[in-house]
Asker: 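Pasting a structure here, questions to come.
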Amino acid sequence: MVSSVLCRCVASSPPDAAAAAASSSASSPASVGDPCGGAICGGPDHRLRLWRLFQTLDVNRDGGLCVNDLAVGLRRLGLHRTEGELQKIVQAGDKDLDGQLDFEEFVHYLQDHEKKLRLVFKSLDKKNDGRIDAQEIMQSLRDLGVKISEQQAEKILKSMDKNGTMTIDWNEWRDYHLLHPVENIPEIILYWKHSTIFDVGENLTVPDEFTVEERQTGMWWRHLVAGGGAGAVSRTCTAPLDRLKVLMQVHASRSNNMGIVGGFTQMIREGGARSLWRGNGINVLKIAPESAIKFMAYEQIKRLVGSDQETLRIHERLVAGSLAGAIAQSSIYPMEVLKTRMALRKTGQYSGMLDCARRILAREGVAAFYKGYVPNMLGIIPYAGIDLAVYETLKNAWLQRYAVNSADPGVFVLLACGTMSSTCGQLASYPLALVRTRMQAQASIEGAPEVTMSSLFKQILRTEGAFGLYRGLAPNFMKVIPAVSISYVVYENLKITLGVQSR
């Protein structure tokens with residue numbers, strides 16, 4: 001039904017403005033087997049055909065498509081969509097936020113939607129012959145961690161196959177998925193899953209997601225073990241920069257303008273080369289409990305906030321990830337305080353982590369293990385929110401400009417997007433991280449008065465200016481690229497050792 005509407009030569013024409021634009025918008029280069037270069041019907045005057053479809057769906061003839069128009073119009077064409085799916089379509093294309101799609105918004109939505117459909121089609125078409133068969137569906141789903149039988153693959157084919165060939169060509173694929181919201185194309189989402197294996201030592205990111213198959217077979221814990229091992233190696237390799245960052249956050253000021261070279265020299269002079277790794281032991285130890293708690297909390301929260309349990313929408317991931325991060329951070333926060341105190345300790349001050357914890361408990365009480373807790377919790381939301389927003393923006397920009405033959409961006413694009421988004425997240429939450437570190441370190445500095453978060457912010461702005469809120473930012477950013485690179489290399493090797501299949 002849809003195909004007949006889209007490919008019919010129409011007597012009626014779109015509005016004058018649309019007709020004038022038709023010739024220019026149809027000038028995109030043709031691709032093999034697709035004369036219009038990605039137009040919906042494959043003909044040279046595709047805007048005329050889109051106008052015909054628009055008129056068919058505009059049941060009340062008011063020049064706009066609302067949810068009710070789409071429901072009635074698509075039902076006449078033999079397509080049934082839920083109200084939620086129709087609302088997603090309108091929201092995705094409604095640029096002027098008037099609650100309906102005019103003709104230009106409708107055209108823009110379909111062209112953008114079809115490009116994503118084409119990318120997924122080419123990614124599934126392993127043989128590159130313009131058709132998808134049962135074996136290719138099985139292979140593609142296997143790559144995503146989902147195993148299905150040949151009978152199940154054939155059942156998927158039959159739902160789209162119009163001519164009984166048991167293969168799907170581009171037209172059949174396009175017509176079947178036309179006017180389905182983008183969120184219902186899980187292949188695209190899974191190709192672009194934002195993985196958090198790239199450990200930069202700031203464990204505030206949204207947790208990774210796993211397929212049903214990975215959860216049922218226990219493959220998820222191997223991913224977590226591989227990620228934890230990669231994080232341990234990465235943090236150990238970049239520990240000198242991390243300790244320098246803590247020292248600069250606590251001790252640097254206008255009168256003591258500690259630099260990178262001066263900071264390293266001071267650490268080595270005071271405690272030798274080994275002192276560069278002070279605080280790293282507890283930093284590595286807290287990876288396992290934090291990752292496990294965060295993952296379990298995230299899985300439970302997903303069930304409460306997720307409209308689709310397999311592919312959460314962006315705002316749902318932000319809410320679930322932030323809450324899971326808050327729960328995990330609350331559980332292991334005393335270890336964060338210990339890490340800061342161990343990084344700031346003088347030679348011979350403590351005999352080890354347990355001695356440090358015992359002395360803090362005896363001298364300052366249990367409350368000392370939760371100093372800086374409030375700014376730490378407040379920092380989770382801007383970090384996770386900006387991290388996700390920047391990642392999605394960079395992903396979509398790459399997809400629109402460079403994706404030609406596949407929706408799979410490749411590891412270097414993923415690394416670049418992950419590095420940039422993590423860096424922006426750190427930049428936004430850094431003042432809160434600095435205040436948290438100073439509050440954690442208060443009792444370790446002789447003569448330092450007890451201050452609250454707000455008074456500490458005011459004090460830093462008054463004595464050091466806005467720049468004072470970014471002390472230690474340079475070594476923090478210096479560790480990002482090596483941390484991400486080391487994490488990736490170690491993670492890939494550990495996956496092979498543990499028998500984890502690449503997703």
Asker: Is the shortest side-chain N to carboxylate O distance from Lys245 to Asp242 below 4.0 Å?
Answerer: yes

Asker: Glu172: which residues meet the side-chain contact (heavy atoms from CB on, under 4.5 Å) condition with it, sequence neighbours left out?
Answerer: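 Expected list: Asp161, Lys162, Asn163, Ile168, Asp169.
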
Asker: Nearest 0.5 Å please: distance from the CG atom of Leu498 over to the CG atom of Leu224.
Answerer: 11.0 Å

Asker: Mind checking whether Tyr470 and Tyr430 have parallel, tilted or perpendicular rings, split at 30° and 60°?
Answerer: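 Rings of Tyr470 and Tyr430: parallel, as their planes differ by under 30°.
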
Asker: Please determine, by modelled atom types, if Asp133 and Thr167 share a side-chain donor-acceptor pair under 3.5 angstrom.
Answerer: no

Asker: Taking side-chain contact (heavy atoms from CB on, under 4.5 Å) as the definition, give me every residue that meets it alongside Asn493, ordered by chain and number, with sequence neighbours left out.
Answerer: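 Partners of Asn493 by the side-chain contact (heavy atoms from CB on, under 4.5 Å) criterion, ordered by chain and then number, come out as Val489.
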
Asker: Apply side-chain contact (heavy atoms from CB on, under 4.5 Å) to Trp51 and Phe54, showing your working.
Answerer: CA-CA 5 Å; Trp51 174 244; Phe54 182 82; 3.5 Å; yes

Asker: Can we say Lys286 and Glu336 salt-bridge, meaning some charged N sits less than 4.0 Å from an Asp/Glu carboxylate O?
Answerer: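 Judged by the 4.0 Å cut-off on N to carboxylate O distance, Lys286 and Glu336 do form a salt bridge.
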
Asker: With a 3.5 Å distance limit and no angle check, can you tell me whether Ser234 reaches the backbone of Ala230 through a side-chain donor-acceptor pair?
Answerer: no

Asker: Verify side-chain hydrogen bond (donor to acceptor under 3.5 Å, both in side chains) between Tyr383 and Ser422, making sure each step is shown before the conclusion.
Answerer: CA-CA 8 Å; Tyr383 187 104; Ser422 177; 3.1 Å; yes

Asker: So, using side-chain contact (heavy atoms from CB on, under 4.5 Å) as the criterion, who are the partners of Ala239 when residues are at least two apart?
Answerer: Trp277, Asn280

Asker: CE of Met420: more than 12 outside heavy atoms within 6.0 angstrom?
Answerer: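 No - once you tally the heavy atoms of other residues, nucleotides and ligands closer than 6.0 Å, there are 12 at most.
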
Asker: Show your working on side-chain hydrogen bond (donor to acceptor under 3.5 Å, both in side chains) between Asn376 and Gln329 and close with a plain yes or no.
Answerer: CA-CA 8 Å; Asn376 186 71; Gln329 285 276 297; 2.6 Å; yes

Asker: How many angstroms lie between atom CD1 of Ile327 and atom CD of Glu290, to the nearest 0.5 angstrom?
Answerer: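 With rounding to 0.5 Å, CD1 (Ile327) is 12.5 Å from CD (Glu290).
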
Asker: As an exercise, state the distance from CD1 of Ile380 to OG of Ser330, rounded to the nearest 0.5 Å.
Answerer: 7.0 Å

